[in-house]
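Heads up, the thing below is written out as C-alpha cells.
In listed order, ligands and their atoms are each counted from 1. Starting from 1, each residue takes its place in the sequence as its number.
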Amino acid sequence: MELPFAESYKIKMVESLKRSTRQQREQWIKEAGYNLFNLKSDYVFIDLLTDSGTGAMSDKQWAAMMEGDESYAGARSYYNLKESIKNITGFDYFLPTHQGRAAENVLFSSLVKEGDILPGNSHFDTTKGHIEFRRAVAIDCTIDEAKDTTLEMPFKGNMDLGKLENVLKQYPAEKIPCIVLTITNNTAGGQPVSMENIKGVAALAKRYGIKLLFDSARFAENAYFIKTREEGYAGKSIPEICREMFSHADFMTMSSKKDAIVNMGGFIAFREEAAWQACQMYNIMYEGFITYGGMSGRDMSALAQGLIEGTDFDYLETRISQVAYLASKLDEYGIPYQRPAGGHAIFVDAKKILTRVPKEQFVAQTLGIELYIEGGVRGVEIGTLLADRDPVTRENRYPSLELLRLAIPRRVYTNNHMDYIAAALKNVFDRRESITSGYLIKKELPIMRHFTVELEKA
Ligand SMILES: *Cc1c(COP(=O)(O)O)cnc(C)c1O
C-alpha cells in the first residue's frame, strides 16, 4: 500500500479554539456591523482572515528567541539574520524593518519621487499605497489570463513582458526607479511567477537600464512552484532555486510575517553597497538603528531561523498540499474558486455563487458573512468594499472579480479543520439560491473603508 501524505512536523504546544452557536454568531456579527474585521478573535472558530503573522513558530525558533541579543548596535541576532539572508538570497547587505510596508517606506523614500513610474505584476496594496503616496504611478503589467478564474495555468502570476516593454519604451529610464516583481503574485491569488518570466523581466530591466525589485513576501512558496512545475528545476533544492531567483534582482523587500514564519518583522536586502547606504538614513529615522530597525534582537533570531525553516522542502510541501487539499474538497462540492489553488489561500469566486445578490450589496462580503454565521469561519472580502470609491466621482468601484479569500495560516490548522471549512462553505453553497440580498453601508471612512466599515442588512 502506498503511504499517504503526512505533515512534516508534530505538535508540541496547543491553543484552544472556542466553539459557538449559530445564534451567538448572528448576534456577534450584527454587533460588529457585519464587518469581519470588527469581530473579537474569540468569536471566531477558524480564522482565515490572513496568513500574515499568524503562523506557528517552531521549537527552534522559540529557542532562538531565548538566545536573542538585545544590544542596541551590532547584536549577535543581527549577524545571525544577515547570514541567513545571505545564504538564501545571496544579498550581502540588508536593513531590518518592523514589517513589509516599513521596508517599502524606507526603500521608496530613497528611490521614488513625484511623477515616477513603477511597472509591476499586481502591486500589493501597501506597495501601491507607498508609490501613490509619493505621487508616483504603479502600472499593472500582469498577464491578462490572471483575471479568468477558471483558467488552469502553472504560472498565473507572471508579468506580461509585452506590456512591461511598452511601459519601458514609453518613459525615460530616469522616470522609472525600478520594476516591482511580486513573488508570488498575492493579488492574483497567490499565483507563482516562473523562472523563465523572472529571467525575461530581468533581461528587459537590463536592456533599458532599470533596477529590479522583488516584493518577496512569499518567495519560498514561489520557489516550491518552480521546483514542482517548471521544467529543469525538479532536481534543484529550494535554497538553490531561491538564490537563482534573487540573482536576477537588485534588491528585495520582505514581509517576514509570511514565508519567514514569524509574527512580526521585515527587511530590505541589497546587492550593492551604495543602495544600502542610501537607505540607512531613512531606516534610522523611521525604523531604528541599522542593526535592529524596528525589531528586537530575539525577533531577529527567530526570523533567522524562520528563513531556514520556510525554505525547507518538506515544510513547503506540507503547507502547499494543505491549501491544495482544501481546494480538492471544494472541487468535490463544485464550489468555484481562482484556479489553480495558490500558495497561501483559496480565493472563492463569490459572484459565481451568490448570483442573486445585486452588486451594490457587496457580494463577496455577503458570502463571507454567511460563512461566518454557518461555521464561525472568518475569511476576507476581496471585492467592492476593498476596491473603495472612485476618488473623483465618489461612486463605488466595481472590480471584475468578487472574491472571498480564505488564507491559511502556516503550521496552525490540521486537515480536519480544512474538512470543516469546506463543509461550512458547502452548506452555504447548497442554500445559495435562498440568499437574495446583501448589505448596505451605514458608516465608512473615505479611504481603506473595508477595515472599519459598518453595514446593515439590505
Ligand atoms: C504582506 C505583504 C506586504 C506588506 O507587508 P506587511 O508585513 O503586511 O507590512 C507587501 N507585499 C506583499 C506581496 C505582501 O503579501
Side-chain angles (χ1 to χ4, degrees), residues 37 48-55 94-109 111-112 118-133 138 140-142 146 156-159 178-193 198 212-223 225 245-246 249 251-269 282-283 286-288 293-295 299-300 302-303 306-307 310 319 323 338 342-345 347 380 382 386 403 405-410 448 450-451:
F37 284 99
L48 309 180
L49 188 72
T50 176
D51 65 321
S52 178
T54 54
F94 94 103
L95 292 168
T97 63
H98 79 274
Q99 60 184 91
R101 68 199 67 185
E104 292 161 359
N105 186 33
V106 169
L107 180 66
F108 290 170
S109 290
L111 215 64
V112 179
L118 288 89
N121 57 335
S122 319
H123 308 71
F124 184 67
D125 52 13
T126 61
T127 317
K128 197 167 173 179
H130 275 295
I131 292 169
E132 292 177 351
F133 179 72
D140 185 13
C141 301
T142 309
K156 219 172 169 179
N158 279 354
M159 186 96 79
C178 64
I179 298 165
V180 186
L181 190 65
T182 305
I183 53 171
T184 59
N185 186 328
N186 182 355
T187 312
Q191 299 292 333
V193 176
I198 291 173
L212 178 53
L213 166 67
F214 284 1
D215 180 355
S216 320
R218 297 182 183 81
F219 73 91
E221 292 172 6
N222 201 84
F225 285 120
M245 290 184 333
F246 286 113
F251 25 57
M252 66 181 282
T253 49
M254 178 70 187
S255 169
S256 307
K257 302 167 73 171
K258 321 286 174 43
D259 274 3
I261 333 180
V262 290
N263 303 116
M264 191 55 72
F267 60 86
I268 321 165
Y282 298 104
N283 213 68
Y286 297 140
E287 294 295 301
M295 293 185 77
D299 287 339
M300 289 192 284
L303 169 53
L307 282 168
R319 158 140 185 88
V323 177
Q338 164 76 304
H344 69 292
F347 291 66
V380 71
I382 310 278
L386 182 73
L403 302 169
R405 187 184 77 175
L406 307 176
I408 313 297
R410 293 166 180 78
M448 299 288 226
H450 59 287
F451 286 120

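- Ligand 1 places these atoms under 4.0 Å from at least one heavy atom of Thr182: 13 (C).
- In terms of polar-atom proximity, Gln99 is counted as a contact of ligand 1, with an N or O under 3.5 Å from an N or O of the ligand.
- Within the 4.5 Å cutoff, the side chain of Leu303 has heavy atoms near those of the Leu307 side chain.
- Screening Ser216, Ser255, Ser256 for a side chain to side chain contact (heavy atoms under 4.5 Å, CB included) involving Phe267 leaves a single residue, Ser256.
- Proximity to Lys257 (heavy-atom distance under 4.0 Å) selects the following atoms of ligand 1: 7 (O).
- Of all protein heavy atoms, the one closest to atom 13 (C) of ligand 1 is Asp215 OD2, 3.4 Å.
- If you run side chain to side chain donor-acceptor pair (under 3.5 Å) between Glu104 and each of Thr253, Thr127, Thr97, only Thr127 comes through.
- The shortest N/O to N/O separation between Arg218 and ligand 1 falls below 3.5 Å.
- Between Phe219 and Phe246, the ring centre distance stays below 6.0 Å.
- Side-chain atoms of Asp140 and Pro119, non-hydrogen and from C-beta on, never get closer than 4.5 Å to each other.
- At least one N or O atom of Gly100 sits closer than 3.5 Å to an N or O atom of ligand 1.
- Between His344 and Phe347, the two ring planes are perpendicular [angle over 60°; tilted spans 30° to 60°].
- At a 3.5 angstrom cut-off on N or O pairs, Lys258 counts as close to ligand 1.
- Distances below 4.0 Å separate heavy atoms of Glu104 from the following atoms of ligand 1: 10 (C), 11 (N).
- For ligand 1, the polar-atom distance check finds an N/O of Ser255 within less than 3.5 Å of one of the ligand's N/O atoms.
- At distances below 3.5 Å, at least one donor-acceptor pair connects side-chain atoms of Arg319 with backbone N or O atoms of Ile408.
- Between Leu95 and Glu287, every side-chain heavy-atom pair lies at or beyond the 4.5 Å cut-off.
- Of the polar atoms of Thr184, none of the N or O atoms is found under 3.5 Å from an N or O of ligand 1, judged by distance alone.
- Of all the heavy atoms of Arg101, the ones lying under 4.0 Å from any atom of ligand 1 are found in both the backbone and the side chain.
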